[in-house]
Every structure is written in structure tokens, then in C-alpha cells.
Amino acid sequence: MTSRRRRPATAPPSPARRPAPEYKPVDCGAAEANYTVGKAGGTSEVCGKGYDEYTQSQRRGPKTKLCLAPLLAEGKCYAENTGGVGAKAVECGGSAAFKVTKTVKDTAAPQCAEGEEPQSFPEAKLHYCLGAPA
């Protein structure tokens, strides 16, 4: 009696893969800018709450971690940041997670109204008040 190995009829499905986000440097004042660099350091750098992280690899030398603060527009609503590619502007209501009620750059953090949540990026000198997406 001989033993025969059976082959599966089809190959197992490959795991689902998300396309990697693409990054390109743009002028800070460009309409397509969606982040500003809050701080940069080695891979052990701790970015802090609210920052997204991007680690830049080089052929030679150390890796650099960038702590990225999102550029959000006052009066706009945003969906929750999923997939590490930044908060997406959406219509207020339905899928909106929050609304930017105040944006302050290069000065002290603003006093947010009752029920609003402050979101600060001190290294980028950027502060927001976030409220319900009404």
C-alpha cells in the first residue's frame, strides 16, 4: 500500500493587504498639506498623544522618527483617524467623529468652551478645540 499526499484544490487565500500610505513633502502653506512636523528624533523618540508617527529609513546612518501633528481646519468635521493616514474631512453628521471649533497657531492654547476637548501639539505650536460634530 502506498501513501499519496493530496494537494489542495486551490491555494490558500493570501492575507489581505492594505496599500502602504504614500508621503511626499509639500510646502507648509500648500492646500494639500495635512501634517506639520512637531519634532524629529531617533526611533526611541516618544511622540505623545494625538501625533502620528513616520519613521524615515536611510541607506546609511540612523533612522529618523518624525512626530506629525495633523493640520485641521476650523469649522470642519473629521472622521476618526484609521489606518495611520490622518483624519479625513467629512460632512458634519453621519460618519463625523468631531468638529474643529477653534484653531490657534503660534500662540498659547485657547480656552475651549464647555463640552469641548483641547488638543495641543506644543512642539508644533498648534492647538485645537474639538467638539461634537453637530
Closest non-hydrogen contact found for G50 with Q119 is CA-NE2, 3.8 Å
Value for CZ (F121) from NZ (K49), rounded to nearest 0.5 Å, stands at 9.0 Å
I need the minimum non-hydrogen distance between L126 and P70, along with the two atoms involved.
CD2-O, 3.5 Å
Rounded distance (nearest 0.5 Å) linking atom NZ of K99 with atom CG of L72
13.5 Å
I want to check something: taking the side chain as every heavy atom from C-beta on, are N34 and L71 in contact at a cut-off of under 4.5 Å?
no
So, do T101 and L130 sit near enough that their side-chain heavy atoms are less than 4.5 Å apart?
no
Do E123 and Y51 pair up side chain to side chain, a donor and an acceptor below 3.5 Å, judged on atom types alone?
yes
Hey, what do you get for SG (C112) to NE2 (H127), rounding to the nearest 0.5 Å?
10.5 Å
Between A79 and V90, what is the shortest heavy-atom contact and its length?
N-CG2, 3.7 Å
CG/D52 to OH/Y35 distance, rounded to the nearest 0.5 angstrom?
3.5 Å
Looking only at side chains, do T64 and Q56 share a donor and an acceptor under 3.5 Å apart?
no
Is it the case that over 12 heavy atoms from other parts of the model lie below 6.0 angstrom from the CD atom of E74?
yes
What are the two closest heavy atoms between A97 and P133, and how far apart are they?
O-CD, 3.9 Å
Rounded to the nearest 0.5 Å, what's the gap from CD on Q111 to SG on C129? Could you check?
8.0 Å
Approximate separation, where rounding is to 0.5 Å, of L68 CG and T36 OG1
8.5 Å
Would you mind telling me which of K65, K63, K39 makes a salt bridge (Lys or Arg N to Asp or Glu O under 4.0 Å) with E45?
K39
Start with the C-alpha distance between K105 and T103, add both sets of side-chain angles, then the distance that settles side-chain contact (heavy atoms from CB on, under 4.5 Å), and finish with yes or no.
CA-CA 7 Å; K105 178 98 172 116; T103 301; 5.6 Å; no
Compare every heavy atom of A96 with every heavy atom of C92, then report the nearest pair and how far apart it is.
CA-CB, 4.2 Å
